[in-house]
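What follows is one structure encoded as structure tokens, with my remarks underneath.
Note that these values count all heavy atoms, side chains included, but never hydrogens, waters or copies made by symmetry. Quick caveat: nothing in here was measured; it's all calculated off a predicted structure. In each ligand, atom 1 is the first atom listed, and ligand 1 is the first ligand listed. Along the sequence shown, residues are numbered consecutively beginning with 1.
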Amino acid sequence: MSEYFSNIKTSATTIATGMAITLKHFFNAVKRKGDAGIDDADYFRQVDGLCTLQYPREAVPTPPHGRYRLYCHIDDCIGCRQCERACPVECITIDTIKATNDDLAACGKTSGGQQKRMWVPVFDIDIAKCMTCGICVSVCPTECLYHTPVADFSEFDVKNMLYHFGNLSKIEAEAKRKKLAEQQVQAAKEKAAAGDAPAAKPAPKPKPAAPPQE
Ligand code: SF4
Ligand code: SF4
């Protein structure tokens, strides 16, 4: 009989101990709600409280040199297309138009002082294909193409994963193309008028006459 009551007492003690531990973690978890402290290096070493993050309100900070979403600072792009050629999955598409001489000032300079000579009406990155290998970033001479710390950029519509960075609208690009073509035609005419046309090939030497037949 005494063993019977002893077992009941042990059960009640065990339940009370378990509930005390549960309540302790519950109240600690309530105290931990919010994103304060997520940037602390010791955040995940804390023993008490929530062990899951309240995403997206809380998020694990990305490392400072991690390779995440690409960004092109188009104002510094010189349209050399090295990134396009280097990309192993061909997810960068670039179109360029040579700036005419009277348009160089409008075309501007990079932040490093280099004169830009190309308009870049199309600079698209299909970020859905990008595998963040970083090759394009490493070949960019002006360092205008770089990874950002943005790690979560999912979309409901995959079309939204095509990022546009070009610096001209379609109408502006057509106007620049037309102007360039006109200037090229004019330059060709002026060259021809100045006698700079390539010299005509010398006439071929006459073949020796065939020996008289007997
Ligand atoms: S990071 Fe790699 S895959 Fe992505 S655009 Fe650059 S070269 Fe292409
Ligand atoms: S490598 Fe850099 S400068 Fe050249 S086209 Fe690409 S982003 Fe522009």
Side-chain angles (χ1 to χ4, degrees), residues 38-39 41 43-44 53 55-188:
I38 185 63
D39 289 328
Y43 185 85
F44 293 102
L53 294 176
Y55 189 81
R57 193 158 54 83
E58 288 181 311
V60 180
T62 49
H65 301 297
R67 295 202 302 255
Y68 297 100
R69 183 164 69 174
L70 276 178
Y71 181 79
C72 178
H73 182 53
I74 198 68
D75 288 351
D76 274 355
C77 176
I78 55 173
C80 66
R81 303 180 86 153
Q82 291 196 57
C83 53
E84 185 186 39
R85 286 191 289 272
C87 178
V89 293
E90 299 179 355
C91 64
I92 300 179
T93 307
I94 298 175
D95 186 21
T96 55
I97 304 169
K98 191 177 174 207
T100 51
N101 285 340
D102 59 337
D103 221 10
L104 286 178
C107 201
K109 294 183 179 181
T110 65
S111 55
Q114 183 177 354
Q115 174 64 54
K116 295 195 288 180
R117 299 186 179 278
M118 293 286 182
W119 294 102
V120 188
V122 177
F123 193 117
D124 292 350
I125 301 178
D126 190 344
I127 213 77
K129 287 188 196 166
C130 175
M131 55 184 183
T132 60
C133 64
I135 295 176
C136 57
V137 172
S138 64
V139 299
C140 178
T142 62
E143 299 182 356
C144 67
L145 191 59
Y146 52 86
H147 297 280
T148 64
V150 181
D152 180 358
F153 44 92
S154 53
E155 294 280 353
F156 284 109
D157 189 343
V158 74
K159 286 183 201 144
N160 295 335
M161 302 288 273
L162 188 62
Y163 294 171
H164 307 288
F165 296 100
N167 58 11
L168 289 180
S169 69
K170 278 188 182 173
I171 295 172
E172 289 171 330
E174 275 318 301
K176 302 278 184 205
R177 257 187 252 280
K178 195 173 163 198
K179 189 175 173 189
L180 177 63
E182 285 170 358
Q183 286 210 358
Q184 284 172 337
V185 169
Q186 182 63 27

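Residue Thr142 touches ligand 2 through its side chain alone, judged by heavy-atom distances below 4.0 Å. By the criterion of a heavy-atom distance under 4.0 Å, the side chain of Cys91, and not its backbone, is placed next to ligand 1. Under 4.0 angstrom from ligand 1, there are no non-hydrogen atoms of Val137. Residue Thr132 touches ligand 1 through its backbone alone, judged by heavy-atom distances below 4.0 Å. At a heavy-atom cutoff of 4.0 Å, ligand 1 is contacted by the side chain of Leu70 but not by its backbone.
In terms of protein heavy-atom proximity, atom 8 (Fe) of ligand 2 is nearest to Cys77 SG, 2.4 Å. The nearest protein atom to atom 2 (Fe) of ligand 2, hydrogens excluded, is given as Cys140 SG, 2.4 Å; this is a heavy-atom distance. Protein heavy atom in closest approach to atom 6 (Fe) of ligand 2: Cys83 SG, 2.3 Å. Of the protein's non-hydrogen atoms, Arg81 N, 3.2 Å is the one closest to atom 5 (S) of ligand 2.
Between the side chain of Lys116 and the main chain of Asp75, a donor-acceptor pair closer than 3.5 Å is present. Judged purely by atom type and a 3.5 angstrom limit, Thr93 has no side-chain atom pairing as donor or acceptor with the backbone of Asp124. Listed for the Asp76 side chain is a donor-acceptor partner under 3.5 Å among the backbone atoms of Ser111. Judged by distance alone, with hydrogens and angles left aside, the side-chain atoms of Arg69 form no donor-acceptor pair with the main-chain N or O of Val150 at under 3.5 Å. Distance alone, capped at 3.5 Å, places no donor-acceptor pair between the Asp95 side chain and the Pro121 backbone. With hydrogens and angles disregarded, a donor-acceptor distance shorter than 3.5 Å links the side chain of Gln115 to the backbone of Gly108.
No side-chain heavy atom of Arg67 sits less than 4.5 Å from a side-chain heavy atom of Val137. In this structure, Ile94 and Cys83 have side chains that are in contact, with non-hydrogen atoms separated by less than 4.5 Å. You'll find the side chain of Asp152 stays beyond 4.5 Å of the side chain of Tyr68, heavy atoms only. Using a 4.5 Å cut-off on side-chain heavy atoms (C-beta onward), Leu70 and Ile127 make contact.
Within the structure, the closest approach of Gly134 to ligand 1 falls below 4.0 Å when heavy atoms are considered.
Ligand 1 places these atoms under 4.0 Å from at least one heavy atom of Pro88: 7 (S). The contact set between ligand 1 and Cys136, taken as ligand atoms under 4.0 Å from a residue heavy atom, comprises 1 (S), 5 (S), 6 (Fe), 7 (S). The distance from ligand 1 to the heavy atoms of Cys133 drops below 4.0 Å at these ligand atoms: 1 (S), 2 (Fe), 3 (S), 7 (S). Below 4.0 Å from some heavy atom of Ile92 lie the following atoms of ligand 1, by number and element: 5 (S). Using a 4.0 Å cut-off to heavy atoms of Val89, the atoms of ligand 1 that qualify are 3 (S). In the vicinity of Met131, heavy-atom distances shorter than 4.0 Å reach the ligand 1 atoms 3 (S), 4 (Fe). The distance from ligand 2 to the heavy atoms of Ile78 drops below 4.0 Å at these ligand atoms: 3 (S).
The nearest non-hydrogen atom to atom 4 (Fe) of ligand 2, considering only Cys80, Gly79, Cys144, Cys87, comes from Cys80.
Using bins of under 30°, 30° to 60° and over 60° for the plane-to-plane angle, the ring pair Tyr146/Tyr71 lands in the tilted bin.
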